[in-house]
Structures are given as structure tokens and as C-alpha cells.
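One structure below.
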Amino acid sequence: MSTAEPMPATGHAEVRIVAASPETARRVAEVLRRCFDATEQRSYPAGGEGGTRLHLTLDTSRAAEPARSWLSSSRSGTDDPSHADEL
């Protein structure tokens with residue numbers, strides 16, 4: 001049974017990073033924070049091998065460059081389907 005998560009507010013995106021090490025997850029989150037306003041990251045263990053799962057919320061309406069130009073050029077009229085392994 002899957003529980004439906006609430007959708008983020010308009011202009012926001014929930015991001016989940018899964019990495020083998022906490023440092024790798026933090027480095028990816030730092031790059032995203034340079035492009036978008038973001039909430040404080042929340043981290044959790046991922047798997048038994050010491051991996052890390054990191055969650056943060058991005059405000060895409062307050063994007064910095066280069067994200068602003070990328071968002072403008074990537075707008076599409078179709079919704080992309082989810083990956084098969086996503087809940």
C-alpha cells in the first residue's frame with residue numbers, strides 16, 4: 001500500500017538525493033542550493049551499506065542563474081512520466 005504524499009506548493013520541488021556517502025549527498029545539495037532557494041536539508045540512512053538519503057525543498061520561483069535560464073528554455077507542454085521505481 002502506498003500513501004500519497006502531498007504535492008509541494010506551486011513553484012516548489014521536493015528533491016531526494018540518494019548517495020553512497022553523506023559527503024556526496026551534501027555536495028549535490030550544495031550545487032542545487034546555489035541555483036535555487038532551498039529549505040534546510042534533512043538526511044536519513046539509506047540501506048545497510050552506509051548510504052545516505054537527503055531531502056530538501058527547492059523554490060523554483062526564486063531561481064538564480066544558471067537555473068533561471070535553464071528553466072525558461074526547458075518548459076514543455078507535456079508531462080514526463082515517472083520512473084518505474086518511483087513511488
Side-chain angles (χ1 to χ4, degrees):
M1 177 187 326
S2 172
T3 60
E5 290 187 39
M7 294 299 290
T10 300
H12 289 76
E14 292 290 327
V15 177
R16 287 160 176 74
I17 302 164
V18 180
S21 73
E23 181 57 29
T24 300
R26 281 191 293 268
R27 290 175 71 191
V28 172
E30 179 60 32
V31 169
L32 292 171
R33 280 203 256 2
R34 288 181 186 167
C35 295
F36 301 100
D37 279 351
T39 61
E40 187 65 32
Q41 65 196 33
R42 300 156 323 267
S43 61
Y44 309 91
E49 296 83 35
T52 297
R53 187 178 64 210
L54 192 142
H55 296 186
L56 65 154
T57 302
L58 302 178
D59 181 352
T60 64
S61 66
R62 300 188 57 177
E65 290 296 338
R68 184 178 299 130
S69 60
W70 176 83
L71 285 170
S72 296
S73 66
S74 68
R75 300 213 192 278
S76 165
T78 61
D79 290 334
D80 293 331
S82 295
H83 291 269
D85 64 344
E86 291 181 350
L87 298 175

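Start at 1 with the first residue, then count along the sequence.
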Checklist line | With sequence neighbours excluded, residues passing side-chain hydrogen bond (donor to acceptor under 3.5 Å, both in side chains) with Thr57 | finding: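 Per chain and number, Thr57 pairs via side-chain hydrogen bond (donor to acceptor under 3.5 Å, both in side chains) with Glu14.
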Next item on the list: Check side-chain hydrogen bond (donor to acceptor under 3.5 Å, both in side chains) between Ser43 and all other residues, then give those that pass, not counting sequence neighbours.
Entry: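 Partners of Ser43 under the side-chain hydrogen bond (donor to acceptor under 3.5 Å, both in side chains) test: none.
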Run the salt bridge (Lys or Arg N to Asp or Glu O under 4.0 Å) test against [X] and tell me which residues pass, sequence neighbours left out.
{"X": "Asp37", "result": "Arg62"}
{"X": "Arg53", "result": "none"}
{"X": "Arg26", "result": "Glu23"}

Check: With sequence neighbours excluded, what pairs up with Glu40 under the side chain to side chain contact (heavy atoms under 4.5 Å, CB included) test?
Finding: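 Expected list: none.
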Next item on the list: Please name all residues satisfying side chain to side chain contact (heavy atoms under 4.5 Å, CB included) with Ala25, sequence neighbours left out, ordered by chain then number.
Entry: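 Expected list: Ile17, Ala19, Thr52, Leu54.
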Item checked: Heavy-atom pair of closest approach, residues Leu58 and Phe36 ->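 Closest approach of Leu58 to Phe36: CD1-CD1, 3.9 Å.
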Notebook entry, point to check: Can you name the nearest heavy-atom pair linking Leu56 to Arg33, along with the distance?
Noted result: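 That closest heavy-atom pairing would be CD1-CG, 4.4 Å.
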Next item on the list: Quick one: pull up CZ in Arg16 and NE2 in His55 and give me the separation to the nearest 0.5 Å.
Entry: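 One gets 4.5 Å once the value is rounded to the nearest 0.5 Å.
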Notebook entry, point to check: Would you find more than 12 non-hydrogen atoms of other residues, nucleotides or ligands less than 6.0 Å from Arg27 atom CZ?
Noted result: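 12 or below, so no.
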